[in-house]
Every structure is written in C-alpha cells, then in structure tokens.
Amino acid sequence: MNLYKEARAIALEAWEETGNDLDEAQDFIHQSCDSHEVVIYYGKAIQFCANHDTSDGEQWLEDCGGIAHEGDCFGQIASRIAFATLYCAAMDCLNEIKEEESE
C-alpha cells in the first residue's frame, strides 16, 4: 500500500461526501481510518508499521497521552500506531485538498 495514495483517497472521499465541510470531513476521516483494514487486523497493522514511516503517528499518539497502555499486546500497539499514522497522513491530505480548492 502507498500511504500517501491511500490517505489522499480517504481525504478526497471525506471532502466530497461532506460537501466540503471541514469539521465533518475531519470526523469522516477519523471514522474511515478507525475502520480501515490496517487498523482492525493486527497482522495488517504490524505489516503496515514495518513498511511505513510511522514517526508522525507515533508523535501524535505521544501528544495524546502515549502509544501503549497497560495490558496492551503487540498487535494493539501496532494497530494504534497504524491508525495514527494513516489519520495524520489523511489529515495532511485534507489540508492539501482544501488549499488546492481555495487557489
């Protein structure tokens, strides 16, 4: 999977489906990322984390209170990192789309 292409597709769908409403598009992105296959399946999350730079997602998680929680298994941590990485990338793409439309 190409992270940028996937994030861009999610952001574009969010922008179009919400009638270019930024707040609703952000909620749409959160839901889309939360239900994405690389987030809900531990094996896919682990592979995603192995194949992509997850720095932005890890930083976002740290800013939100931490990457790991007591009792987490490896798959849960990878899933959380995969979500945050995809979410951050999609939010960046949403900002790009919004800027492109305003030009």
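In what follows, every heavy atom counts, from backbone to side chain, and hydrogens, waters and symmetry copies are set aside.
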Roughly how far, to the nearest 0.5 Å, is the [atom2] atom of [Y] from the [atom1] atom of [X]?
X   : Y   : atom1 : atom2 : value
I81 : W60 : CD1   : CH2   : 12.5 Å
Q59 : T54 : CD    : OG1   : 11.5 Å
S32 : E6  : OG    : CD    : 9.5 Å
I29 : C88 : CD1   : SG    : 11.0 Å
F28 : E13 : CZ    : CD    : 3.5 Å
I97 : W15 : CD1   : CH2   : 8.5 Å

Kindly indicate whether the side chain of [X], heavy atoms from C-beta on, has any atom under 4.5 Å from the side chain of [Y].
X   : Y   : result
D34 : Y87 : no
E96 : R8  : yes
S79 : Y41 : no
F83 : L61 : no
T85 : F48 : yes
I67 : R80 : no

Identify the two heavy atoms, one from [X] and one from [Y], that lie closest to each other, and give their separation to 0.1 Å.
X   : Y   : answer
A25 : A14 : O-CB, 3.6 Å
G57 : A84 : O-CB, 3.4 Å
A82 : C49 : N-SG, 4.0 Å

Any chance the side chains of [X] and [Y] put a donor and an acceptor closer than 3.5 Å?
X   : Y   : value
E99 : N95 : no
Q76 : H69 : no
Q47 : N51 : yes

In terms of hydrophobic clustering (I, L, V, M, F, W, Y; side-chain heavy atoms under 4.5 Å; direct or indirect links), are [X] and [Y] co-clustered?
X   : Y   : result
Y42 : I77 : no
M1  : I10 : yes
M91 : L22 : yes

Self-check item: F74 atom CZ, neighbour heavy-atom count above 12 within 6.0 Å
Solution: no

Practice problem: Please collect all salt bridge (charged side-chain N to carboxylate O under 4.0 Å, His left out) contacts where either partner lies in residues 42-59, sequence neighbours excluded, each pair once. | Solution: E37-K44

